[in-house]
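Here's the structure, in structure tokens; my notes come after.
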2 protein chains.
Amino acid sequence: MFQRSPSLVEQVKSYLKRQILQGNFDNGRIPAEVELARNLNVSRNTVRDALSRLEIEGVIIRRQGAGTFINKAGLMVKSQLSEIVPYQALIEEYGCTPAIELISVEELPSPATAEKLHRHADEPFLLVKKRFLADNQPVIFSSTYLPTRIIRRAYTPDDLRRPVFEFIPEFCEQDFSYFLTELVPLIPPDWLVSALKLPPQKSALVSFEEIGYNQNNEPALMAISYFRNDLLRLRLIRQNSS
Amino acid sequence: MFQRSPSLVEQVKSYLKRQILQGNFDNGRIPAEVELARNLNVSRNTVRDALSRLEIEGVIIRRQGAGTFINKAGLMVKSQLSEIVPYQALIEEYGCTPAIELISVEELPSPATAEKLHRHADEPFLLVKKRFLADNQPVIFSSTYLPTRIIRRAYTPDDLRRPVFEFIPEFCEQDFSYFLTELVPLIPPDWLVSALKLPPQKSALVSFEEIGYNQNNEPALMAISYFRNDLLRLRLIRQNSS
DNA sequence: TAGTGGTCTAGACCACATA
DNA sequence: ATGTGGTCTAGACCACTAA
């Protein structure tokens with residue numbers, strides 16, 4: 001039924017999610033774990049791992065002694081903030097057609113960025129500005145600062161259109177590990193109002209200020225992303241952990 | 001070494017976190033999983049579950065073939081947005097002394113809230129307003145709407161000062177399951193500026209608009225919380241999930 | 001090549017919900 | 001009393017890192 005890679009757990013998870021989205025389970029009830037394990041020919045632990053991930057995503061609810069059930073409210077949550085998702089895929093989750101525009105690419109020093117990334121103050125950075133559209137409406141604007149020195153291979157503008165956490169492994173001879181993200185609200189400055197085509201009456205935006213770390217836990221890049229909150233609602237599930 | 005409840009995994013996790021915070025591991029390296037399992041007299045799976053949770057929290061980094069290491073950068077992340085944490089505990093995480101003020105308690109109808117919670121438009125709600133201080137500075141303001149009808153026991157103002165997800169199991173004969181939260185930036189209105197003693201030059205705030213669900217996955221309450229972002233930075237770790 | 005984390009299994013027992 | 005999810009174990013094998 002399943003192959004070796006990606007992991008069995010991941011395959012079972014996406015299989016179950018597909019079944020859920022297609023409405024293949026009656027009464028919003030998911031079969032018992034032992035039954036799923038038998039049918040899919042995997043161990044119960046594997047099924048449980050897959051279900052645990054779906055529970056964290058908010059897709060299902062488990063009740064000891066009662067069973068496992070689909071969570072319709074949770075299906076509204078499109079973005080797991082704790083996961084790294086390409087903005088393109090995020091826009092698709094909202095049922096929109098995504099598009100990426102490469103606004104500008106410059107090389108310049110940035111002492112403020114240098115300090116955050118533990119680099120020399122006069123070191124040059126590649127500043128890449130991008131805009132993401134959903135159904136032709138601008139919804140995200142991102143600025144990425146990449147130390148020029150870590151780039152080891154030649155790249156084209158098309159390469160820069162890709163998510164930076166994919167660019168790094170391919171062009172910088174290092175792996176990407178995680179983002180440390182700070183959530184910052186702001187009143188958009190004029191340049192952002194026009195870049196995102198915001199309505200004239202000023203309202204607030206959310207931005208992510210992120211530092212990306214490589215496999216050695218060294219800071220490798222800085223990025224700021226601005227979200228048009230009226231079109232792209234950021235939702236999340238909050239649960240009791242213990 | 002360990003007891004039966006809470007779960008072994010939880011005990012191992014908090015034990016390891018304590019060791020990490022106390023600096024009991026040299027070179028930022030955590031012993032091998034098999035060694036931890038042997039020393040703590042639990043199975044390797046139990047150790048792995050505990051380590052996985054610490055990894056999600058950003059406290060450690062695991063590298064296949066190399067080992068498990070402390071993540072100093074990740075220790076800056078105080079709030080797991082995907083977890084429900086009492087605001088009081090959150091403020092303590094930032095190293096501040098917390099205080100809770102019960103601002104007001106009213107009973108009133110709220111058609112907008114009623115619609116979100118699938119209740120009759122003219123049904124009364126208990127509106128509880130609270131303010132949270134960190135080192136005597138106001139940092140969070142929260143408004144909670146609770147359908148009056150679900151309250152089954154008499155309560156005192158002191159009971160209302162507690163987190164609402166603790167109030168519900170105790171006074172409403174239902175369990176609390178999770179919050180569905182929407183992240184909304186806003187320019188603070190005047191009443192909020194004075195409630196949080198914000199500086200005169202206007203800046204933006206983040207708010208959480210949350211709907212709380214009970215064990216039957218029915219909406220039970222609505223809450224809005226406003227965070228003073230200059231004092232309480234919201235940080236999170238974003239990782240590759242697969 | 002030795003040691004580490006990553007994955008998966010089979011099975012045991014417990015706690016809880018439902019009837 | 002039955003069936004469900006919750007926890008834990010012991011052990012196998014794989015994939016990767018580093019010396």
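For Ile30(A) and dT4(D), the CD1 to P distance is 14 Å, given to the nearest whole Å. Rounded to an integer number of Å, the gap from Glu35(B) CD to dA2(C) C1' is 15 Å. If you measure from atom CD of Gln64(B) to atom P of dA18(D), you get 12 Å, rounded to the nearest angstrom. Atom CZ in Arg38(A) sits roughly 13 Å away from atom C1' in dT4(D) (whole-Å rounding). Atoms CG (Leu36(B)) and C1' (dT4(C)) sit 12 Å apart, rounded to a whole Å. Here dT4(D) presents its C1' atom at 14 Å from CD1 of Ile60(A), a figure rounded to the nearest Å. Atom CZ in Arg48(B) sits about 8 Å away from atom C1' in dT7(C), given to the nearest Å. Distance Glu33(A) CD to dT9(C) P: 14 Å, rounded to the nearest Å.
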Exercise. Passes salt bridge (charged side-chain N to carboxylate O under 4.0 Å, His left out), Arg153(B) versus Glu173(B)? Steps please.
Worked result: CA-CA 9 Å; Arg153(B) 288 181 45 203; Glu173(B) 290 179 5; over 6 Å; no
For this session: Given salt bridge (charged side-chain N to carboxylate O under 4.0 Å, His left out), test Glu210(A) with Arg235(B) step by step and report yes or no.
Result: CA-CA 9 Å; Glu210(A) 315 195 277; Arg235(B) 296 194 184 90; over 6 Å; no
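Side-chain atoms of Arg29(A) lie closest to dT4(D) of the nucleotides dT9(D), dT4(D), dG6(C). The side chain of Val9(A) lies closest to dC8(C), out of dC8(C), dC8(D), dG6(C). Side-chain proximity of Arg62(B) to dC8(D), dG6(D), dG5(C): nearest is dG5(C). Nearest to the side chain of Thr68(A), among dT4(D), dG5(D), dT18(C), sits dG5(D). For Arg44(B), the side-chain atoms get nearest to dT7(C) when compared with the rest of dC8(D), dT9(C), dT7(C).
For dT7(C), the OP1/OP2 oxygens have no side-chain nitrogen or oxygen of Thr46(A) closer than 4.0 Å. A sub-4.0 Å separation between OP1 or OP2 of dG11(C) and a side-chain N or O of Ser43(A) is absent.
Between Asn216(A) and Asn45(B), the one whose closest nucleotide on DNA chain D sits nearer the 5' end is Asn45(B). Each of Gly65(B) and Glu55(B) has a nearest nucleotide on DNA chain C; the 5'-most of these lies closest to Gly65(B).
With a 4.5 Å cut-off on side-chain heavy atoms, Val184(B) and Val206(B) do not count as touching.
If you check distances only, the side chain of Arg63(A) never reaches the base of dG6(D) with a donor-acceptor pair under 3.5 Å.
Applying the salt bridge (Lys or Arg N to Asp or Glu O under 4.0 Å) test to residues at least two apart or on different chains, none of the pairs has a partner in residues 68-85 of chain B.
Ring-plane geometry between Tyr87(A) and Phe132(A) is classed as perpendicular, the angle between the planes exceeding 60 degrees on a 0 to 90 degree scale with a lower cut at 30.
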